[in-house]
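Presented below is the structure to which this report refers.
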Amino acid sequence: VCVCVPSPIAQPACRYLLAFGQVLLPIAREYRPQLVLVSAGFDAARGDPLGGCKVTPEGYGHLTHQLCALAGGKVIVALEGGYNLTSIKHSMASCTKVLMGENCLCVSPPPSFVFLLF
């Protein structure tokens with residue numbers, strides 16, 4: 001299943017995380033995947049010249065942590081594309097640490113943010 005969520009250019013990271021938590025994760029939970037494949041270009045990363053969403057490496061770690069609740073933790077993150085090597089390096093490192101079982105430095109959600117974790 002591929003779900004695209006249209007969004008304005010250069011949205012704040014909290015909106016990106018909100019869409020992930022309130023739109024994408026509920027769909028993914030309902031679908032009950034056996035495996036989660038992530039195409040990770042990190043275009044929403046802080047420092048990316050095109051995305052402008054300012055998602056921090058910790059934010060990506062948090063998203064990865066949430067994905068690990070799906071498919072019994074069977075998550076594959078495939079690095080692709082990207083425009084800022086520094087952002088990619090730090091974001092991928094954060095995701096990899098989570099996938100390897102290290103504790104996630106989870107971001108604090110805005111007050112209206114709701115995470116549905118099992």
Side-chain angles (χ1 to χ4, degrees):
V1 171
C2 179
V3 178
C4 295
V5 179
S7 62
I9 296 173
Q11 68 177 343
C14 62
R15 283 188 150 186
Y16 188 87
L17 298 172
L18 186 64
F20 189 86
Q22 292 188 344
V23 176
L24 300 175
L25 277 178
I27 292 169
R29 284 191 191 99
E30 188 173 323
Y31 183 69
R32 289 185 271 187
Q34 295 177 352
L35 177 68
V36 176
L37 301 172
V38 179
S39 175
F42 299 107
D43 292 356
R46 180 181 60 201
D48 183 89
L50 299 179
C53 294
K54 301 179 181 134
V55 177
T56 63
E58 294 80 17
Y60 278 113
H62 186 72
L63 296 174
T64 303
H65 178 75
Q66 289 185 322
L67 287 175
C68 287
L70 302 170
K74 297 177 199 155
V75 178
I76 296 172
V77 177
L79 186 58
E80 56 85 13
Y83 302 97
N84 182 316
L85 295 179
T86 302
S87 296
I88 293 168
K89 173 179 71 173
H90 294 296
S91 297
M92 190 64 194
S94 183
C95 293
T96 301
K97 287 178 181 179
V98 171
L99 292 172
M100 295 180 69
E102 291 187 28
N103 287 333
C104 173
L105 295 174
C106 292
V107 295
S108 297
S112 62
F113 199 92
V114 176
F115 286 109
L116 302 172
L117 296 177
F118 294 110

Checking the side chain of S94 only, and the main-chain atoms of P57 only, is there a donor and an acceptor separated by less than 3.5 Å? yes
List the atom of G81, the atom of I88, and the distance in Å for their closest heavy-atom pair. O-CD1, 3.6 Å
Identify the heavy atoms of N84 and P49 that sit nearest to each other, and give their distance. CB-CD, 4.3 Å
Which of V36, L35, V38 passes side chain to side chain contact (heavy atoms under 4.5 Å, CB included) with I76? Answer is L35
Tell me the closest heavy-atom pair linking D43 and Y83, and the distance in Å. OD1-CE1, 3.8 Å
Side chain to side chain contact (heavy atoms under 4.5 Å, CB included) with F42: which of H90, K89, M92? M92
Nearest heavy-atom contact between K74 and Q34 is CD-O, 3.6 Å
Calculate, to the nearest 0.5 Å, the distance between atoms CD and OG belonging to E58 and S91 respectively. 8.5 Å
How many angstroms lie between SG in C53 and CG in L17, if you round to the nearest 0.5 Å? 9.5 Å
Check whether L24 and L37 end up in the same hydrophobic cluster, where Ile, Leu, Val, Met, Phe, Trp and Tyr are linked by side-chain heavy atoms less than 4.5 Å apart. no
Do the non-hydrogen side-chain atoms of V75 and L99 ever get within less than 4.5 Å of each other? yes
Can you tell me if Y60 uses its side chain to pair, donor with acceptor, with the backbone of A45 under 3.5 Å? yes
Does CD belonging to E80 count more than 12 external heavy atoms closer than 6.0 Å? yes
Please report the shortest heavy-atom distance between C68 and V98, naming the atom on each side. SG-CG1, 4.4 Å
Could you check whether any side-chain heavy atom of L25 comes within less than 4.5 Å of a side-chain heavy atom of L70, counting everything from C-beta outward? yes
